[in-house]
Visitor: 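Below you will find the structure I want to go over with you.
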Amino acid sequence: MRSSTLIPKPNHFDYHKCLQVLGDNDFECLHFKENGTIVKALSKGGHPFAFRISEENEGLKLDLLNGRSNYLAVAIFYVREWFDMDRDLKPFYGLLNENPKLSFLLEHFEGLRLMGIPDLFEALCWSILGQQINLSFAAKLKRRLVENYGERLEVEGKIHYLFPRPEALAPLDPEALRPLQISQRKAEYLIGISRLFLEGKISKQHLEGIGDAEAVQETLLKIRGIGLWTANYVMMKSLLLPNAIPYGDSGLNSALYRLELTNKRPTKEEVDAIFEPFDGWKSYLTRYLWRSLSLNT
DNA sequence: TTCCAGGCAGTAG
DNA sequence: CTACTGCATGGA
């Protein structure tokens with residue numbers, strides 16, 4: 001009975017650069033970082049379990065911390081998506097190299113992966129919580145939501161949480177989330193989307209089956225609470241679509257402004273013009289531009 | 001104090 | 001179609 005496995009690293013894969021964008025333990029409530037390893041809980045068939053990710057020379061090692069060995073397959077599938085391990089970044093790096101104003105991104109961040117949110121419901125809820133407010137406050141709201149409505153799992157003396165399932169939020173009255181300092185409007189969005197998931201009117205599988213990115217965006221935009229920014233955010237972070245741009249994103253705008261590529265509030269058309277040469281890699285360019293905000297000046 | 005944060009829907013013109 | 005407004009709170 002195996003309780004660990006190794007996922008081989010693709011080319012251009014830097015575990016520590018990926019780790020840096022995951023957020024510290026006080027910010028993030030859905031995993032722990034410990035000495036360069038990550039501990040996270042997932043669920044298989046309603047049974048929560050936890051596993052640890054650590055780096056080895058040849059790949060990422062996954063160790064189950066509890067539960068049955070057949071949970072490993074769930075963890076492997078999750079980590080491959082989370083770290084976007086099934087993509088060859090070479091074409092992206094070719095495009096960056098050709099661009100004098102952006103090639104510095106490659107020098108700093110080669111090996112950084114998209115770092116998605118594989119669970120579509122979690123990605124939608126997180127992006128709604130993050131609308132308009134600063135990230136640290138958004139993280140507090142997420143933590144309160146998770147600690148109040150997510151499943152708990154204790155492993156090795158630590159409490160792990162799973163993101164709440166739609167079933168946990170769907171029955172709520174929006175006012176029930178006000179004590180968490182989630183706005184009435186956002187509570188309505190979250191609960192409405194929970195109900196759509198329960199009714200089977202949204203699912204990751206369905207969106208993945210659409211194929212055409214334009215049609216996926218149209219589908220998402222019909223949902224109350226999802227605008228252009230949120231639709232593209234989840235297309236990038238959860239569906240791993242290659243050309244999603246979170247138009248209007250304040251972080252993206254300030255990254256472009258700092259590079260003197262735009263004014264402070266560029267239009268969609270101005271952003272499109274900058275991204276146009278990066279067809280197939282617009283989501284990655286967004287990730288790398290976000291990351292550039294951490295560089296000095 | 002005012003303004004802005006990883007926006008959105010609703011309304012008015 | 002575009003312009004404006006309230007929402008929630010915290011930090012600069």
Side-chain angles (χ1 to χ4, degrees), chain A residues 20-24 26-30 105 109 112 114-117 120 122-145 148 163 172-196 202 217-241 243-259 261-271 274-275 282-295 297:
Chain A
Q20 282 176 354
V21 305
L22 282 185
D24 297 320
D26 55 345
F27 181 91
E28 179 56 58
C29 54
L30 294 175
L105 292 170
F109 306 128
L112 171 62
L114 202 52
M115 304 314 292
I117 305 174
L120 177 65
E122 178 190 335
L124 281 168
C125 292
W126 166 238
S127 57
I128 285 166
L129 289 176
Q131 289 169 3
Q132 180 56 23
I133 57 177
N134 63 69
L135 271 179
S136 61
F137 182 49
K140 285 181 191 169
L141 297 180
K142 173 177 150 185
R143 179 180 294 277
R144 291 174 189 151
L145 192 68
N148 278 277
F163 193 80
L172 299 179
D173 186 287
E175 289 182 10
L177 299 180
R178 288 292 300 121
L180 312 188
Q181 293 181 291
I182 295 170
S183 70
Q184 181 75 22
R185 189 75 63 78
K186 286 184 179 178
E188 292 169 11
Y189 298 164
L190 295 176
I191 292 165
I193 286 173
S194 301
R195 292 175 181 171
L196 291 176
I202 325 174
Q217 180 179 278
E218 291 297 312
T219 303
L220 288 168
L221 288 177
K222 288 177 188 159
I223 299 167
R224 186 163 181 263
I226 301 181
L228 193 59
W229 177 84
T230 304
N232 280 277
Y233 185 91
V234 302
M235 287 163 69
M236 167 177 45
K237 299 275 284 188
S238 194
L239 302 176
L240 299 182
L241 291 175
N243 286 323
I245 305 173
Y247 296 104
D249 181 85
S250 64
L252 179 59
N253 285 350
S254 52
L256 294 172
Y257 177 71
R258 276 173 52 158
L259 296 174
L261 291 168
T262 64
N263 58 20
K264 287 192 176 180
R265 301 187 68 81
T267 65
K268 178 177 183 293
E269 288 68 28
E270 290 168 331
V271 175
I274 294 167
F275 276 68
K282 296 176 184 179
S283 301
Y284 258 88
L285 182 56
T286 299
R287 158 54 73 203
Y288 277 46
L289 286 168
W290 274 338
R291 189 73 186 84
S292 75
L293 292 170
S294 65
L295 299 173
T297 65

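Numbers restart at 1 for each chain; the letters A, B, ... are given by sequence-line order, proteins then strands.
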Visitor: Can you list, by residue number, the residues of residues 223-230 of chain A that have a non-hydrogen atom closer than 4.0 angstrom to DNA chain B?
Guide: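 Listed by number, they are Ile223(A), Arg224(A), Gly225(A), Ile226(A), Gly227(A), Leu228(A), Trp229(A), Thr230(A).
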Visitor: Check Arg143(A), Lys140(A), Lys142(A) against Glu28(A) for a salt bridge (charged side-chain N to carboxylate O under 4.0 Å, His left out) and give me the one that passes.
Guide: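 Of all the options given, the one that passes is Lys142(A).
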Visitor: Listing time: all N or O pairs from protein to nucleotides 4-6 of chain C that are below 3.5 Å?
Guide:
unit_1, atom_1, unit_2, atom_2, d
dG6(C), N2, Arg185(A), NH1, 3.1

Visitor: Using the P atoms only, state how far dC8(B) lies from dG10(C), rounded to an integer number of Å.
Guide: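 To the nearest whole Å, 23 Å.
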Visitor: Starting from P on dA5(B), measure out to CZ on Arg265(A) and report it in whole angstrom.
Guide: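 The distance from CZ of Arg265(A) to P of dA5(B) comes to 7 Å, rounded to the nearest Å.
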Visitor: With the side chain counted from C-beta on, respond yes when Lys186(A) and Ile133(A) share a heavy-atom pair under 4.5 Å apart, and no when they do not.
Guide: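 The answer is yes; the side chains approach within 4.5 Å.
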Visitor: May I have the distance from Asn253(A) (atom CG) to dA5(B) (atom C1'), rounded to whole angstrom?
Guide: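 It is 12 Å, rounded to the nearest whole Å.
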Visitor: Ile182(A) has an atom CD1; how far is it from atom P of dC7(C), in whole Å?
Guide: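 Taking CD1 of Ile182(A) and P of dC7(C), I get 17 Å after rounding.
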Visitor: Could you state the CG-C1' distance from Leu190(A) to dC7(C), rounded to the nearest angstrom?
Guide: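 Taking CG of Leu190(A) and C1' of dC7(C), I get 14 Å after rounding.
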Visitor: Could you state the CG-P distance from Leu141(A) to dG7(B), rounded to the nearest angstrom?
Guide: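 About 13 Å, once rounded to whole Å.
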Visitor: Rounded to the nearest 0.5 Å, what separation is found between the CG atom of Asp249(A) and the CG atom of Asn232(A)?
Guide: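 Interatomic distance, Asp249(A) CG to Asn232(A) CG, rounded to 0.5 Å: 10.5 Å.
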Visitor: For Leu252(A) and dA5(B), give me the distance from atom CG to atom P, rounded to whole Å.
Guide: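 For the pair Leu252(A) CG and dA5(B) P, the rounded distance is 13 Å.
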Visitor: Answer yes or no on whether Lys282(A) is positioned over the face of Phe275(A), meaning its NZ or CZ is under 6.0 Å from the six-membered ring centre and within 45° of the axis.
Guide: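 Cation-pi check for Lys282(A) and Phe275(A): fails.
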Visitor: Taking the side chain as everything from C-beta on, heavy atoms only, tell me whether Ile245(A) gets closer than 4.5 Å to Lys268(A).
Guide: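 Result no, sub-4.5 Å side-chain heavy-atom pair not found.
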Visitor: Any donor-acceptor pair under 3.5 Å joining the side chain of Gln181(A) to the base of dA8(C)?
Guide: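 No, no donor-acceptor pair under 3.5 Å.
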Visitor: Determine whether Leu228(A) and Gln217(A) make a side-chain contact, defined as any pair of heavy atoms from C-beta on separated by less than 4.5 Å.
Guide: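 Contact flag for Leu228(A)/Gln217(A) side chains = yes.
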Visitor: Assign each of Lys140(A) and Gln132(A) to its nearest nucleotide of DNA chain C by heavy atoms, then name whichever residue's nucleotide is nearer the 5' end.
Guide: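 Nearest nucleotide further toward 5': that of Gln132(A).
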Visitor: Below 4.5 Å, heavy atoms only, C-beta onward: do Asn253(A) and Thr262(A) meet side chain to side chain?
Guide: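 Counting from C-beta outward, Asn253(A) and Thr262(A) never come under 4.5 Å.
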Visitor: Check the distance between dA8(C)'s P and Leu177(A)'s CG and give it to me in whole angstrom.
Guide: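 Whole-Å distance recorded here is 12 Å.
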Visitor: Looking at Ser183(A), does any N or O in its side chain come under 4.0 Å of the phosphate oxygens OP1/OP2 on dA8(C)?
Guide: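 True: Ser183(A) side-chain N/O within range (under 4.0 Å) of dA8(C) OP1/OP2.
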Visitor: Quickly work out the Leu129(A) CG to dA5(B) C1' distance and round it to whole Å.
Guide: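 Those two atoms, CG and C1', are 14 Å apart.
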Visitor: Using the C1' atom on both, measure dT2(C) against dA5(B) and round to a whole Å.
Guide: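 It comes out at 24 Å once rounded to the nearest Å.
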Visitor: Please examine the side chains of Leu289(A) and Leu105(A), heavy atoms only from C-beta on, and report whether any two atoms are closer than 4.5 Å.
Guide: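 Yes - at least one pair of side-chain heavy atoms lies under 4.5 Å apart.
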Visitor: Decide yes or no for Leu293(A) and Ser254(A): does some side-chain heavy atom of the first lie under 4.5 Å from some side-chain heavy atom of the second?
Guide: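 Side-chain contact under 4.5 Å: yes.
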